[in-house]
Number of protein chains: 2
Amino acid sequence: MAAASIRDVAQHAGVSVGTVSNVLNRPGEVSAESMQRVHRAIEDLGYVRNDAARKLRAGTSSTVGFVVLDGQNPFFGDVVRGAEDEASSHGIAVLYGNTDEDVARERLYLDLFEEQQVRGVLISPYSDINPRLERLRTRGIPAVLVDRFSGDGRFSSVSVDSVVGGRMAAEHLIETGRRRIAFVGGPFEIRQVTDRLAGARVAVENSTEPVDIDVVATAALTVAEGAAAGARIISRPRREWPDAIFAANDLLALGLLQALIVDGRMLVPEDIALIGFDDIAFASAAAVPLSSMRQPSGMIGRTALRILLEETSDPTLIPRQTVFLPQLVVRRSTAARGTTGKT
Amino acid sequence: MAAASIRDVAQHAGVSVGTVSNVLNRPGEVSAESMQRVHRAIEDLGYVRNDAARKLRAGTSSTVGFVVLDGQNPFFGDVVRGAEDEASSHGIAVLYGNTDEDVARERLYLDLFEEQQVRGVLISPYSDINPRLERLRTRGIPAVLVDRFSGDGRFSSVSVDSVVGGRMAAEHLIETGRRRIAFVGGPFEIRQVTDRLAGARVAVENSTEPVDIDVVATAALTVAEGAAAGARIISRPRREWPDAIFAANDLLALGLLQALIVDGRMLVPEDIALIGFDDIAFASAAAVPLSSMRQPSGMIGRTALRILLEETSDPTLIPRQTVFLPQLVVRRSTAARGTTGKT
DNA sequence: AATCTGAAGTGAATCGATTCAGGTTCGATT
DNA sequence: AATCGAACCTGAATCGATTCACTTCAGATT
């Protein structure tokens with residue numbers, strides 16, 4: 001049983017294909033009578049529009065591609081979710097691909113999206129793919145960078161100011177009396193990591209008190225790497241133990257927390273404060289609820305999608321950089337020493 | 001600058017469009033000479049295949065739709081990931097939509113996938129959509145149910161035996177000396193929840209020792225609901241405290257764990273054992289590493305996709321139900337009372 | 001009665017990749 | 001030399017929705 005085409009519908013309703021198309025696309029220009037008959041026919045035949053034919057003719061689709069860096073990180077899950085919400089209110093679907101920090105897959109998905117003639121592309125880039133995105137643009141497919149500031153201003157971007165976030169986190173640690181801060185994060189190819197560290201350094205330098213900061217490098221932003229980093233910190237001679245840790249993201253922080261609790265010699269927050277970044281859902285659910293720099297993740301997705309749609313409808317728009325400020329969320333893991341603080 | 005079409009490529013290379021198509025689709029039937037010239041031309045013109053035209057002609061695409069119940073749950077993230085991996089090794093892309101337990105969105109995505117003529121649909125159903133799936137099937141679009149046994153055998157499914165899983169979890173609690181078990185879960189519209197409880201009841205009845213089990217209902221399978229349920233349990237008179245909790249999934253379990261630790265009167269695992277279901281990544285990273293029933297989540301996704309592809313290539317295949325057994329993962333949260341067990 | 005107007009409708013051309021019946025070339029075989 | 005077949009190539013027809021120049025016709029205007 002072949003699917004019904006627009007021609008079948010036209011025949012069944014006793015009108016021309018043009019009229020059927022008008023019923024579907026500009027209902028104003030059709031008499032009530034035809035309208036009804038066409039709808040009947042559609043119902044009877046179970047007709048469903050063939051998107052391929054429509055797309056071929058129109059040269060564009062109602063799909064948007066999203067190339068995500070790390071689908072396992074709940075932070076990106078929230079961003080995708082926001083984009084999806086916004087998209088579905090515009091009748092647009094999000095096609096989505098995971099790169100897992102793999103250059104080949106990043107390219108694969110961009111090719112795929114180009115073949116599919118998506119309306120536009122959201123991407124949290126891993127490698128430097130500006131040239132690739134330029135080419136897409138000449139094809140009429142705009143792109144918006146997500147969670148990454150567009151340094152050269154060639155594309156619109158939606159991100160969070162990681163430098164400010166890093167500064168706020170470190171200032172919070174200093175204000176609550178900490179003086180020896182360890183920054184845990186890596187790899188340093190990831191822009192956000194270096195920015196957060198840079199921000200923390202600013203806070204340290206601006207401090208009226210003398211504050212130390214040292215760096216513990218990790219190979220990835222995962223729970224496992226966080227736990228490993230924790231073990232390394234614990235194995236230091238006791239007098240070199242920090243009294244605060246700033247983790248580049250919450251996954252690391254959760255790993256660190258686990259390592260510290262298992263070891264048991266340094267209590268959080270009594271002996272050592274711990275703060276993460278992203279404020280994923282699991283941060284507040286940790287055994288010691290985790291302080292964190294909240295990113296408005298859903299909002300990032302929504303905004304990116306909205307900007308993308310604006311650019312598709314007016315290609316002359318100049319790229320604009322949207323930067324949100326992160327927000328300090330204080331929970332028990334950074335309570336000051338004397339405090340019995342619960343959250 | 002209009003994008004180059006296959007005709008432009010043919011002209012540029014001095015061959016016919018048919019030959020260009022052959023280069024792209026059956027490289028064996030083309031001389032090395034033409035091959036090279038066509039590839040040159042493709043390079044020069046920056047040609048990219050128009051997927052819409054190809055799909056229109058072929059009547060089918062190389063895309064698969066995945067309708068996911070709860071994109072925020074890391075368990076589904078892992079399933080999607082597995083499906084994606086398998087798909088990409090077949091040159092197939094996964095289009096993915098989140099229903100968030102919303103009937104309207106479920107229908108929306110199915111409509112969308114039908115218009116797009118996807119190859120097939122993976123779905124973890126929320127409402128009863130068998131009729132809708134039947135219609136898709138008459139259109140040549142097969143569907144595979146994910147994480148849900150197909151009761152009437154009309155569709156293939158890939159799931160985990162939740163009854164057995166529930167039994168194993170409860171047996172483990174009983175074997176390690178627990179006698180008063182609380183089952184935390186809900187809503188009971190979700191099949192998995194009732195199955196897991198049913199399994200636990202079987203274990204209790206089969207036990208040679210007298211074992212109590214009672215049910216603490218939740219409104220959703222989330223961390224927040226878990227914490228709330230924990231508070232309710234703690235507020236009971238002391239002699240009615242359970243000595244073990246079986247949570248319907250890990251999100252609940254993590255919430256429960258947090259509530260118990262914050263309160264501090266019941267130690268895990270000394271006073272109360274805690275086991276979850278799914279074995280998401282955060283389970284092992286919890287402050288008290290969480291015992292759980294592991295579901296082979298990635299495998300579920302891979303398998304579902306593989307079955308789907310088989311059904312697309314041979315529509316006469318009879319639906320088959322694939323059921324995995326969950327696996328008990330013992331960590332510290334269910335260590336026997338005397339033990340200093342660490343994991 | 002002749003003419004015009006606007007609303008409603010028609011149907012052929014179009015988008016670009018694929019397919020396949022038919023054509024050409026050329027070396028091997030008889 | 002004639003015949004054959006394999007290898008390779010050609011190009012028109014096709015998929016289905018959209019578009020737009022064109023037709024139709026009821027009713028208004030002169």
Side-chain angles (χ1 to χ4, degrees), chain A residues 1-39 41-42 45-63 111-112 114-118 139-140, chain B residues 1-39 41-42 45-63 91 111-112 114-119 139-140:
Chain A
M1 158 178 150
S5 78
I6 197 172
R7 235 166 297 267
D8 302 324
V9 173
Q11 197 173 8
H12 195 89
V15 299
S16 72
V17 293
T19 300
V20 176
S21 177
N22 282 338
V23 169
L24 262 31
N25 302 302
R26 37 262 275 233
E29 309 196 350
V30 157
S31 70
E33 149 101 36
S34 314
M35 192 94 182
Q36 205 178 14
R37 299 209 350 238
V38 169
H39 277 131
I42 288 177
L45 301 175
Y47 166 74
V48 173
R49 237 212 214 91
N50 181 323
D51 185 62
R54 158 192 266 253
K55 189 149 61 173
L56 172 58
R57 185 67 234 259
T60 184
S61 74
S62 60
T63 313
D111 285 349
L112 198 82
E114 186 172 357
E115 283 191 13
Q116 302 236 353
Q117 295 174 284
V118 296
R139 284 266 198 302
Chain B
M1 158 175 147
S5 79
I6 197 174
R7 235 166 297 269
D8 302 324
V9 173
Q11 197 173 9
H12 195 88
V15 299
S16 73
V17 292
T19 300
V20 176
S21 177
N22 282 338
V23 168
L24 262 31
N25 301 303
R26 38 263 273 234
E29 310 195 351
V30 157
S31 69
E33 151 100 35
S34 313
M35 193 92 181
Q36 204 178 14
R37 301 214 341 242
V38 169
H39 276 132
I42 289 177
L45 300 174
Y47 167 75
V48 172
R49 238 211 215 94
N50 181 325
D51 184 63
R54 154 191 267 248
K55 188 150 57 173
L56 172 58
R57 181 68 232 257
T60 184
S61 73
S62 59
T63 312
D111 285 349
L112 199 83
E114 185 173 356
E115 283 191 13
Q116 301 237 352
Q117 294 175 283
V118 295
R119 271 271 187 87
R139 285 267 198 301

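These numbers were taken from a predicted model, which means no experiment stands behind them. Naming convention: chains lettered A, B, ... in sequence-line order (proteins, then strands); numbering from 1 in each chain.
- Residue B:Val30 is in sugar-phosphate contact alone, with no base atom involved, counting any heavy-atom pair closer than 4.0 Å across all strands shown.
- For B:Arg119 (side chain) and B:Thr63 (main-chain N/O), no donor-acceptor pair under 3.5 Å exists by modelled atom type.
- Of the candidate nucleotides D:dC9, C:dA17, C:dG11, C:dA17 has the atom lying nearest to any side-chain atom of B:Ile6.
- The shortest distance between the side-chain N/O atoms of B:Ser5 and the OP1/OP2 oxygens of C:dG16 is not below 4.0 Å.
- Distance CD/B:Gln116 to OG/A:Ser62: 6.5 Å, rounded to 0.5 Å.
- To the nearest 0.5 Å, atom CG of residue B:Leu24 and atom CZ of residue B:Arg49 are 4.5 Å apart.
- In this structure, of C:dG9, D:dT18, D:dA12, it is D:dT18 that holds the atom nearest to the side chain of A:Arg49.
- Per the geometry, CD belonging to B:Gln116 stands 17 Å off P belonging to D:dG16, to the nearest Å.
- In this structure, CG of B:Asn22 is placed 9 Å from C1' of D:dC8, rounded to the nearest angstrom.
- Within the 4.0 angstrom heavy-atom criterion, base atoms lie near B:Ser21.
- Side chain of B:Thr19, nearest nucleotide from C:dG16, D:dT10, D:dG16: D:dT10.
- Side-chain atoms of B:His12 and B:Leu45, non-hydrogen and from C-beta on, do get closer than 4.5 Å to each other.
- B:Glu29 has its CD atom 11 Å from the P atom of C:dT19, to the nearest Å.
- Contacts of A:Asn25 with the nucleic acid, taken as non-hydrogen atoms under 4.0 Å apart, involve only primed sugar atoms and P, OP1 or OP2.
- B:Glu115 CD: more than 12 foreign heavy atoms inside a 6.0 Å radius.
- For B:Arg26 and C:dT18, the shortest distance from a side-chain N or O to OP1 or OP2 is not below 4.0 Å.
- Of the candidate nucleotides D:dG16, C:dT18, C:dG11, D:dG16 has the atom nearest to the side chain of A:Ala53.
- For C:dG11, neither phosphate oxygen OP1 nor OP2 lies less than 4.0 angstrom from any side-chain nitrogen or oxygen of A:Arg7.
- To the nearest angstrom, C1' of C:dG16 lies 14 Å from CZ of A:Arg139.
- One can place CD of A:Glu33 at 12 Å from C1' of C:dA8, the figure rounded to the nearest angstrom.
- Distance A:Leu56 CG to C:dT18 P: 12 Å, rounded to the nearest Å.
- Separating the CG atom of B:Asn50 from the C1' atom of C:dA17 is a distance of 8 Å, rounded to the nearest angstrom.
- Residue B:Arg54 places no side-chain atom within donor-acceptor reach of the base of C:dT18, judged by atom type and a 3.5 Å distance cut-off alone.
- The interatomic distance linking B:Lys55 (NZ) with D:dC15 (C1') rounds to 13 Å, in whole Å.
- Residue B:Arg57 has its side chain nearest to C:dT18 when only C:dT18, C:dG9, D:dG16 are considered.
- At least one side-chain heavy atom of A:Met35 sits under 4.5 Å from a side-chain heavy atom of A:Pro27.
- For A:Ser31, the side-chain atoms get nearest to C:dG9 when compared with the rest of C:dG9, D:dA17, D:dC9.
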